[in-house]
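Data first, discussion second: the structure below is written as structure tokens.
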Amino acid sequence: MNISIIGGGITGLTTALALNKLGYSSTVYERSDQLNEIGAGLLLQPNALKVLEWLGIRDEVSKLGYEITNMEITDRFLKPFRKVSTETISDQEGNLSLAIHRADLQKVLANAVNSLQPIAYDARYVAHEIKNGKVNVTLEKSNFQTDVLLGCDGIYSQVRKAIFPDSTLRNSHQICWRGISAYKMPQELQRKSKEMWGKRIRFGFAQLSPEQVYWFAVKSRSDQDKNLNKEQVSQLFKNFTPMVSELITAADYIHEDELSDVNRLDAWSQQNVCLLGDAAHATTPNMGQGACQGIEDAYYFANTFARNSQISDAFSRFESSRRKKVDYVVNTSWMLGKIAHLGIGSILMKGISILTPDAVLQKQMKQLYEIDSF
Ligand SMILES: Cc1cc2nc3c(=O)[nH]c(=O)nc-3n(C[C@H](O)[C@H](O)[C@H](O)COP(=O)(O)OP(=O)(O)OC[C@H]3O[C@@H](n4cnc5c(N)ncnc54)[C@H](O)[C@@H]3O)c2cc1C
């Protein structure tokens, strides 16, 4: 059976590896002409790390990342709203989250895929049609036929547009800048990930190595906020602890995004075509779970595909195995972002944090970090 994957991002590459583990070969088609990832970091939480473990690449990934021992929301001077215990940021086996440069993760995944079947670069998906049970795919520069087409082409997915032309994005009206800075963290902030909340503006960071810090800055968007340089972004945070400006100005390069998610789709598949990762359910990044959910998709997809001989059964079981958690992540992340950017967001969050018992937080984290065994 031919399986073709559109998109060589984290979801597409992990899906190719997961399918291979269960005996299916596939080809990844990527529009860029080479491996490409923005200069930013990523938090891989225990649910994603378990999938990488299953794939046999966790140790390689872990060597390139940095374990984070504490994640919390604080005020703009790093005073925690409430102290979070280690148990709430690790899973039951004590797995912690890992901060990693996106390019490093992408390289490990791409090398593993290339050793099975070379990734087809410079292969932009344009359209497809289904005839006699086969999918005829048009790329910008060539065509091919496949039995199964997987759309892993991200939040602006063209595969999604082709099968669900009415699908839309939901704009949070928040703008985000990300960067990586050479910076030596003070001892008390080593291996910590913090998100500082001011008034409709927030700043977060995590260490990628002893000398490198990944940071992100988010603001309610106004017309003046586009294409800012790092000095202008730094100015927005002049009322925060001085470390924030130091981190922003130390970055080589900053990356700007408007934060959106995908309005909930009624279905993730149509005939022989299925969507995974951001293409199906992009989330705002407030829970640091977007890529983790794409990695989980790969695991659940391959396992349901291997256990169902009919493609339509496999697709519908995959979707039903994933909907509950994905909806929880997308909705909670959206709500967190909204609270953060209310005028009284910090006060509200502080109240919520103090009133939420540790046991409730632990239960939520357990649900998030667990994956099913097949
Ligand atoms: C500010 C910010 C911070 C984030 N932080 C985290 C975090 O800490 N932890 C976390 O888990 N997630 C995080 N995320 C989310 C994460 O970045 C995404 O969920 C993840 O990258 C999605 O992976 P993907 O492979 O599904 O899509 P993408 O990464 O978008 O990959 C899609 C791939 O498809 C290719 N492609 C697109 N169109 C075509 C086409 N027509 N033909 C062929 N190829 C195509 C693209 O070139 C790309 O390589 C964050 C997101 C943002 C915006």
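Each ligand, and each atom within it, is numbered from 1 in the order the structure gives. Computation of the quantities below employed the complete heavy-atom set of this structure, encompassing side-chain atoms and omitting hydrogens, waters and symmetry-equivalent molecules.
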Q: Enumerate the atoms of ligand 1 whose separation from the nearest heavy atom of Gly288 is less than 4.0 angstrom.
A: 7 (C), 8 (O), 9 (N), 10 (C), 11 (O)
Q: Kindly assign one of parallel, tilted or perpendicular to the pair Phe315 and Phe301, based on the angle between their ring planes and the thresholds 30° and 60°.
A: tilted
Q: Just let me know how Cys176 lines up against ligand 1, side chain, backbone, both or neither, with a heavy-atom cut-off below 4.0 Å.
A: side chain
Q. Got the closest protein heavy atom to atom 8 (O) of ligand 1, with its distance?
A. Leu43 N, 2.9 Å
Q. Among protein heavy atoms, which sits nearest to atom 12 (N) of ligand 1, and what does the distance come to when rounded to 0.1 Å?
A. Ala291 N, 2.9 Å
Q | Nearest candidate to atom 34 (O) of ligand 1, where distance is taken over non-hydrogen atoms, out of Ser32, Ala99, Gly7 | A | Gly7
Q: Check each heavy atom of Arg178 against ligand 1 and say whether those closer than 4.0 Å belong to the side chain, the backbone, both or neither.
A: side chain
Q. Taking the non-hydrogen atoms of Gly294, is any one of them nearer than 4.0 angstrom to ligand 1?
A. no
**Q.** Sole candidate of Glu67, Glu53, Arg58 that passes side-chain hydrogen bond (donor to acceptor under 3.5 Å, both in side chains) when paired with Asn95
**A.** Arg58
Q.
Starting from atom 36 (N) of ligand 1, what is the nearest protein heavy atom, named by residue and atom, and what distance separates them?
A. Arg31 NE, 3.6 Å
Q. Does atom CG of Asp252 have more than 12 heavy-atom neighbours from other groups under 6.0 Å away?
A. no
Q) With a cut-off of 4.0 Å, which atoms of ligand 1 are near a heavy atom of Gly290? A) 10 (C), 11 (O), 12 (N), 15 (C), 19 (O)
Q.
I'd like to know whether Arg160 forms a salt bridge (charged side-chain N to carboxylate O under 4.0 Å, His left out) with Asp153, so could you lay out the CA-CA distance, the side-chain angles of the two residues, the decisive distance to 0.1 Å, and finally the verdict.
A. CA-CA 9 Å; Arg160 183 181 70 239; Asp153 50 341; over 6 Å; no
Q | From the candidates Glu30, Arg102, Gln158, Gln289, the one that places a heavy atom nearest atom 50 (C) of ligand 1 | A | Arg102
Q | Gap between atom CG of Leu259 and atom CZ of Arg221 - 0.5 Å precision | A | 11.0 Å
(Q) Starting from atom 27 (O) of ligand 1, what is the nearest protein heavy atom, named by residue and atom, and what distance separates them? (A) Gly154 CA, 3.5 Å
Q) Of all the non-hydrogen atoms in the protein, which one sits nearest to atom 33 (C) of ligand 1, and at what distance? A) Gly9 N, 3.6 Å
(Q) Show me which atoms of ligand 1 lie under 4.0 Å from any heavy atom of Ile6. (A) 42 (N), 43 (C)
Q | Residue part near ligand 1, for Thr11, under 4.0 Å between non-hydrogen atoms | A | both
Q. Is Leu276 in polar range of ligand 1, meaning some N or O pair under 3.5 Å apart?
A. no
(Q) Test of understanding: given a 4.0 Å heavy-atom threshold, classify the contact between Gln293 and ligand 1 as side chain, backbone, both, or neither. (A) neither
Q | Asn47 side chain to Glu370 backbone, donor-acceptor under 3.5 Å | A | no
Q.
Students often mix this up, so state it plainly: with edges at 30° and 60°, are the rings of Phe318 and Trp268 parallel, tilted or perpendicular?
A. tilted
Q: Indicate whether any N or O donor in one side chain lies under 3.5 Å from an N or O acceptor in the other, for Thr168 and Asn263.
A: yes
(Q) Around atom NZ of Lys107, are there more than 12 heavy atoms from other residues, nucleotides or ligands closer than 6.0 Å? (A) no
Q: List every atom of ligand 1 that sits less than 4.0 Å from any heavy atom of Tyr125, numbering the atoms from 1 in the order shown and giving each element.
A: 40 (C), 41 (N), 42 (N), 43 (C)
**Q.** Separation of Leu149 CG from Gln271 CD (nearest 0.5 Å)
**A.** 12.0 Å
**Q.** Any donor-acceptor pair under 3.5 Å from Arg307 side chain to Asn303 backbone
**A.** yes
Q.
Checking His281 against Arg323: is there a side-chain donor and acceptor pair closer than 3.5 Å?
A. no
Q. How does Ala123 reach ligand 1, by side chain, by backbone, by both or by neither, if only non-hydrogen atoms under 4.0 Å count?
A. backbone
(Q) Taking 4.0 angstrom as the limit and counting only heavy atoms of Leu42, give me the atoms of ligand 1 inside it, by number and element. (A) 6 (C), 7 (C), 8 (O), 9 (N), 10 (C), 12 (N), 13 (C)
Q | Which segment of Cys152 sits under 4.0 Å of ligand 1 when only heavy atoms are counted | A | backbone
Q) So, is the end of the Arg178 side chain (NZ or CZ) under 6.0 Å from the ring centre of Tyr214 and within 45° of the ring's axis? A) no
Q: For ligand 1, note which part of Tyr29 has a heavy atom under 4.0 Å away: side chain, backbone, both or neither.
A: backbone
Q. Any idea which part of Pro285 is under 4.0 Å from ligand 1, heavy-atom wise: side chain, backbone, both or neither?
A. side chain
Q: Provide, to 0.1 Å, the distance between atom 19 (O) of ligand 1 and the closest protein heavy atom, together with that atom's residue and name.
A: Asp278 OD1, 2.8 Å
Q: Starting at CD of Glu296, measure out to CD of Gln45 and round the result to the nearest 0.5 Å.
A: 10.5 Å
